[in-house]
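Structure first, then comments.
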Amino acid sequence: MKKHNFSAGPSVLPEYTIKNSAEAILNFNGSGLSILEVSHRGKDFIAVMDEAQALFKELLNIPEGYQVIFVGGGASLQFAMIPYNLLQKKAAYLNTGVWANKAIKEAKGFGEVVEVASSKDANFNYIPKGFTVPEDADYFHITTNNTIYGTEIKHDFDCKIPLVADMSSDIFSRPVDVSKYALIYGGAQKNLAPSGVTFAIVREDILGKVDRYIPTMLNYKTHIENGSMFNTPPVLPVYSAMLTLRWLKENGGVQGALERNNAKAELLYNAIDNSKVFVATVPNPEDRSIMNACFVMKPEYAEHEKAFQDFATAKGMIGIKGHRSVGGFRASIYNALPIESVQALVDCMNEFESQF
Ligand SMILES: *Cc1c(COP(=O)(O)O)cnc(C)c1O
């Protein structure tokens with residue numbers, strides 16, 4: 001039976017990425033050696049790193065003055081690296097859920113943190129609006145896509161102080177005006193590659209402004225100056241990321257991705273909104289993520305939650321159980337998920353619903 005992979009992360013990747021990663025494990029560039037057993041300083045891997053960085057810049061139209069780096073430690077290490085490198089006195093954060101909270105917790109270890117606004121009062125089911133960012137803060141941190149709650153900031157806004165964004169789960173899902181950001185980062189395992197590599201797009205002029213000693217491996221400058229090769233990079237995830245970006249380029253770039261993602265999100269949210277059994281957890285369509293759609297059963301059908309889970313599993317739906325802090329269901333519909341899979345889920349919901 002065909003599996004439809006709605007996992008939140010690690011998650012679905014293009015078949016092109018999976019097949020060619022597998023091939024490189026067996027025989028990298030026809031060398032007769034595995035990519036797993038050759039030097040990262042050899043010319044074949046240096047070409048991979050160069051192409052991955054070049055495709056990042058090309059596909060996101062990254063302006064001059066920015067550097068793309070690949071490091072380890074996940075987005076979670078960036079929660080600490082950002083204040084380590086940027087927080088001199090005070091930083092501003094938008095609190096939109098679990099990941100934002102983890103970022104806030106780390107920043108508090110380095111200075112004063114102002115929580116500009118929060119959607120905690122409604123279990124983070126909306127994006128706060130109309131907040132004021134203190135102009136004397138060193139930077140303002142946002143989480144553009146809240147993977148757990150299915151909310152998303154889908155536009156790039158102006159900010160008078162350096163804007164830092166966790167784009168772990170929506171990078172490459174839409175065109176981004178990188179010039180509005182000072183730093184964009186994320187773990188690769190949602191839309192790009194297997195876990196193990198973290199990307200950061202850094203505007204160089206924000207660095208070098210804090211007084212503290214920054215450990216070598218946690219200093220952005222180290223990775224920029226050494227082309228992400230200061231130490232051994234996560235070789236296979238970088239290779240897979242490069243493949244995913246090649247695939248994206250062949251498929252209309254980020255504009256093509258946005259059109260496909262909008263079509264998938266519309267199909268799914270329409271089905272939820274027209275359902276007598278299911279209801280979306282994010283009421284405002286403007287705030288709804290095009291990457292993670294969260295829905296629950298209406299109270300009068302709540303007892304059938306497990307039955308739907310089992311029904312969907314039997315039909316090949318993988319990873320639709322909601323995060324424990326939201327409950328219900330979450331369908332992650334990342335770039336590589338085909339619309340046919342969304343249609344299969346919608347058919348499954350409709351079929352389940354027809355018994356009532
Ligand atoms: C998954 C996720 C993280 C955590 O990423 P790791 O690479 O596992 O540290 C952080 N932020 C967001 C928005 C995420 O979706």
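Read the numbers this way: they start at 1 and go in the same order the structure lists the ligands and their atoms.
S76 OG, 2.6 Å is the protein heavy atom nearest to atom 9 (O) of ligand 1. For atom 1 (C) of ligand 1, the closest non-hydrogen atom on the protein side is K190 NZ, 1.6 Å. The protein non-hydrogen atom at the shortest distance from atom 11 (N) of ligand 1 is D166 OD2, 2.6 Å.
Residue F79 has at least one heavy-atom neighbour below 4.0 Å for each of these atoms of ligand 1: 10 (C). Here is the list of ligand 1 atoms found below 4.0 Å of a heavy atom in G74: 7 (O), 9 (O). Numbered from 1 in the order shown, with element, the atoms of ligand 1 that lie under 4.0 Å from a heavy atom of S169 read 15 (O).
Between the CZ atom of F56 and the CD atom of Q67 there is a distance of 13.5 Å, given to the nearest 0.5 Å.
Among N61, D156, D158, L60, the one residue that satisfies the side-chain contact (heavy atoms from CB on, under 4.5 Å) test with D177 is D156.
For the pair R246 and E51, the salt-bridge criterion is met [side-chain N within less than 4.0 Å of a carboxylate O]. For K249 and E58, the salt-bridge test passes: some basic side-chain N is under 4.0 Å from an acidic carboxylate O.
At least one heavy atom of Q189 sits closer than 4.0 Å to an atom of ligand 1.
A donor-acceptor contact closer than 3.5 angstrom links the side chains of Q255 and E259. Using modelled atom types and a 3.5 Å distance limit, the side chains of E353 and S275 yield a donor-acceptor pair.
In terms of N/O distances under 3.5 Å, ligand 1 is approached by A75. By the 3.5 Å distance cut-off applied to N or O atoms, T143 is not counted among the residues near ligand 1. Checking only distances, N145 never comes within under 3.5 Å of ligand 1, N or O to N or O.
Taking the ring axis of W99 as reference, the NZ or CZ atom of K105 does not stay both within 45° of it and closer than 6.0 Å to the ring centre.
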